[in-house]
Undergrad: 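Please see the structure below; I have some questions.
Indexing begins at 1, ligand by ligand and atom by atom, following the structure's order. For the numbers below, each heavy atom of this structure counts, side chains included, while hydrogens, waters and symmetry mates do not.
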Amino acid sequence: MTQQNWPEVYRKLGVKPVINAQSWVTALGGSLMRPEVLRAMDEAATVFVDMKELNRAAGEVVARACGADMGLVTAGCAAAEVLMAAACMTGVDEMKVERLPNTAGLKNEILLFKGQRNRYDGAFEVSGAQIVEYGAVDSARPYHLEGAITDKTCAVAYVIGPFIKPGLGLEKTIEIAHAHGLPVIVDAAAEIPPRSNLSKFISMGVDMVAFSGGKGLGGPQSAGLLAGRRDLMEAAYLNSLNLDSPKAGIGRPMKVSKENLVGMVAALELYMDSDETVIIEGWMSKANYIARKLAGIKGLRVVIEDTPVDRQGPQPVIYFERSWQGPSPSEIRRRLADGDPSIRVGGGGDGPINLVMVNVQDGEEKIIADRLVEALN
Ligand SMILES: *Cc1c(COP(=O)(O)O)cnc(C)c1O
């Protein structure tokens, strides 16, 4: 982004825009909201409403999109993790809801496969719950999970994400948890797109699932979706919105504004109506453009990869062969980040560099290609 499209609001603060070839990462602002979403938020800001009523109405849109009994717009996927954990501990018992994060006397252990530990799982524990790991780093057996279940267990958590290991797999995890009467709560923050994932995990039988609103869904960065089984969702509502209670619940620091509620609904509806094929073709054409510009450079192998498990959309991946004589990948990454405009790319250390197209705006692929050619020299 050149000097002339440096929005005044950021210019006043001295904060420069960056080109985001790193995906829907929190560190760069999630995603950009479409004009329809921004207009909806603008409109939402002009009047007062009953927030309980608005939350219920927005929740119905989420429930329909996810094929669940009930839904709720949350302050991001991490906030949804707090609420899932809280719901599994308190149920709809208001005395328990008021007590959190003090869990004395409550079933407060959430089981999580060791290989699915991640930088966000502390959100489950914000509720007062404790994570109990099962299995080895790379794999788990059914007896690991079964053996970890005690009379303190309140839920089995499961995390789905790029580079996150499946452990027992979701199906087996559900089977074992349900055989023991335990709910399965899922963090699927970055699993949209594809759209089919909105309802996939619910239809597989999970009890609650959470998604980020500000990643592939294109909603406000600080919004998310939570959907699931009626009794647990009622419990999540209580932990989030017990507006009539003398004591605010654990979800109070994670409230969602009316503007974000409405923006999230608008983004979700737009997303449900979008043509996924066209969107993916757009990413593919940008990926192809960059790959073509980098073709034939000695010591580089540029491949377009799109394995849904560990990549977000089709993207050029630059592999550095032993014959590569130019600057190291980390030096190249530094040059791109330190230049003007700053370009942020995927990968780390001296591994391959991947260029995620999902947040690359039209025309930026040309800037990225030119700057890469420069940085590679
Ligand atoms: C991004 C992410 C989160 C956090 O989501 P927010 O919507 O930013 O709160 C949690 N878990 C995983 C696996 C994520 O990728």
Undergrad: Between Gln116 and Asp121, which heavy-atom pair has the shortest distance, and what is it?
TA: O-OD2, 4.5 Å
Undergrad: For Ser245 and Glu98: C-alpha separation, side-chain torsions, deciding distance, then whether side-chain hydrogen bond (donor to acceptor under 3.5 Å, both in side chains) applies.
TA: CA-CA 8 Å; Ser245 154; Glu98 280 190 19; 3.3 Å; yes
Undergrad: Compile the protein residues with any heavy atom at a distance under 4.0 Å from an atom of ligand 1; present them by chain, then by number.
TA: Thr26, Gly76, Cys77, Ala78, Glu81, Tyr120, Asp187, Ala189, Ser212, Lys215
Undergrad: How close do Trp324 and Lys298 get, heavy atom to heavy atom, and via which atoms?
TA: CE3-O, 3.4 Å
Undergrad: Checking Glu374 now: which residues fulfil side-chain contact (heavy atoms from CB on, under 4.5 Å) with it, not counting sequence neighbours?
TA: Arg371
Undergrad: Which atoms form the tightest heavy-atom contact between Trp283 and Met357, and what is the distance?
TA: O-CG, 3.6 Å
Undergrad: May I ask you to test the Gln361-Leu32 pair for a side-chain heavy-atom distance under 4.5 Å?
TA: yes
